[in-house]
Structure formats: C-alpha cells, structure tokens
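Down below is the structure, laid out as structure tokens.
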Amino acid sequence: MRSTIPIVMAGVLVLAEAAVAQRTSIIEASSHGELQEKFCAADPRKELVLVLPARLFVDSEQVICDGGPYKLYRIVSTYDTDDFEYWLDPPFYERGKRLGCDGKAGRNMQTVALNCRPL
C-alpha cells in the first residue's frame, strides 16, 4: 500500500501540470515583428508568459494589435537598482479583452520573461 502512494502522488502532479499548461501559453520571440505577430494572435483570456530579448525594451516601442497599442518599455526598479522592471502595458481605453504584462530581471540579463494576465 505504501509503495503506491508515491505513484499516485506523481500521477496527480502530472495531471496538475497538464492543467496549468493548458491555461498558460509560452511565447518566445526574437524580434519586434515576431513579438507583434505572436502576441497579437494570443488569446487575451488566458495567462501568457513572454520570453524576449531584453534589447526589445530599449527604444520603448509599441506593439500594435487590433485592440490598440501596447507600450513596451523598461525602468530601473526603485527598490532594487540592480534590476529593470519590464512592462508591456495595454491600451488605456477598453476595446475588449486585453493582457497586462510585467516582469523583473537583472540589468545585465540578455533574455527576460514577462507574466501576462487577462484584464
């Protein structure tokens, strides 16, 4: 009986990970054009993780989707000056479902990840 408990627990963990994976998408992009294409095609009702080069945040560009422009920028963290806070802010006006994205990484990081949530 005791030997079956770890097996059952492992099965439960696999099912839980599969459920989380179905709710959360991971998008990787290496250029602004690729980010715009993939991000705008994502379902704004689901959680999303963006994996991007930090250099995409340097010029404060915008990602233009059907729902409006998202601002792409970074700032030095007030509380931790060794880090940048990264943002992909949604349009201010309501045009359906939108995603709000943010993350934090060391100032020397070449790749960053942002967590996006439905608004």
Side-chain angles (χ1 to χ4, degrees):
M1 179 75 161
R2 284 189 172 165
S3 63
T4 60
I5 291 174
I7 295 170
V8 170
M9 290 300 290
V12 169
L13 289 174
V14 167
L15 290 174
E17 287 178 12
V20 169
Q22 288 178 345
R23 287 194 323 256
T24 304
S25 296
I26 299 173
I27 292 178
E28 292 184 58
S30 59
S31 68
H32 185 268
E34 186 179 11
L35 170 61
Q36 183 156 323
E37 177 185 332
K38 291 180 176 182
F39 180 75
C40 293
D43 186 345
R45 298 170 296 175
K46 295 183 179 180
E47 294 176 354
L48 174 68
V49 175
L50 293 174
V51 180
L52 306 168
R55 63 180 159 69
L56 293 182
F57 294 85
V58 174
D59 294 329
S60 299
E61 293 190 42
Q62 293 185 347
V63 176
I64 309 296
C65 298
D66 289 341
Y70 284 76
K71 293 181 186 178
L72 185 70
Y73 64 96
R74 69 183 184 184
I75 59 173
V76 174
S77 173
T78 307
Y79 302 105
D80 187 356
T81 57
D82 291 334
D83 291 332
F84 279 120
E85 293 176 356
Y86 292 87
W87 303 88
L88 184 56
D89 280 347
F92 290 113
Y93 48 88
E94 181 72 31
R95 277 196 188 169
K97 295 289 181 187
R98 301 166 294 149
L99 291 167
C101 308
D102 58 29
K104 184 176 178 181
R107 291 174 76 172
N108 294 323
M109 295 292 295
Q110 299 298 308
T111 305
V112 298
L114 279 71
N115 295 311
C116 302
R117 68 204 168 285
L119 298 177

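All values reported here derive from a predicted model rather than from experimental measurement.
- Residues that satisfy the side chain to side chain donor-acceptor pair (under 3.5 Å) test with E85, not counting sequence neighbours, are S77.
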Pair C40-V63, side-chain contact (heavy atoms from CB on, under 4.5 Å): steps then yes or no: CA-CA 8 Å; C40 293; V63 176; 4.0 Å; yes
Going through the distances and angles, do R74 and V112 end up as a side-chain contact (heavy atoms from CB on, under 4.5 Å)? CA-CA 11 Å; R74 69 183 184 184; V112 298; over 6 Å; no
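- K97 and L119 make their closest contact through CD-O, 4.1 Å (heavy atoms, listed as atom of the first residue, atom of the second, distance).
- Judged by distance alone, with hydrogens and angles left aside, the side-chain atoms of E61 form no donor-acceptor pair with the main-chain N or O of L72 at under 3.5 Å.
- Between N115 and E47, the closest side-chain pair of non-hydrogen atoms is not below 4.5 Å.
- Qualifying salt bridge (charged side-chain N to carboxylate O under 4.0 Å, His left out) partners for D89, counting only residues two or more places apart in sequence or in other chains: none.
- A distance of 10.5 Å separates CG in L88 from CG in L56, rounded to the nearest 0.5 Å.
- By the 30° and 60° cut-offs, the orientation of the rings of Y86 relative to F57 is perpendicular.
- Clustering of Ile, Leu, Val, Met, Phe, Trp and Tyr side chains at separations under 4.5 Å places V49 together with I26, V51.
- Taking NZ of K46 as the reference point, atom SG of C116 lies at 14.5 Å (rounded to 0.5 Å).
- Between C101 atom SG and F39 atom CZ the span is 4.5 Å, to the nearest 0.5 Å.
- G100 approaches P90 most closely through the heavy-atom pair CA-CD, 4.1 Å.
- Residues L114 and I27 fall within the same hydrophobic cluster, defined by Ile, Leu, Val, Met, Phe, Trp and Tyr side chains chained together at heavy-atom separations under 4.5 Å.
- The side-chain contact (heavy atoms from CB on, under 4.5 Å) search around V76 returns T81, F84, R107, not counting sequence neighbours.
- Atoms CG and CG, from L50 and L35 in turn, are 6.5 Å apart once rounded to the nearest 0.5 Å.
- Partners of R55 according to the side-chain contact (heavy atoms from CB on, under 4.5 Å) rule, which considers only residues two or more places apart in sequence or in another chain, are P53.
- Note: K71 NZ to Q62 CD = 7.5 Å, rounded to the nearest 0.5 Å.
- Proximity of a side-chain donor or acceptor of R98 to a complementary backbone N or O of G67 within less than 3.5 Å is not detected.
- Residue pairs that meet the salt bridge (Lys or Arg N to Asp or Glu O under 4.0 Å) test with at least one member in residues 34-44, sequence neighbours left out, are E34-K38, D43-R45.
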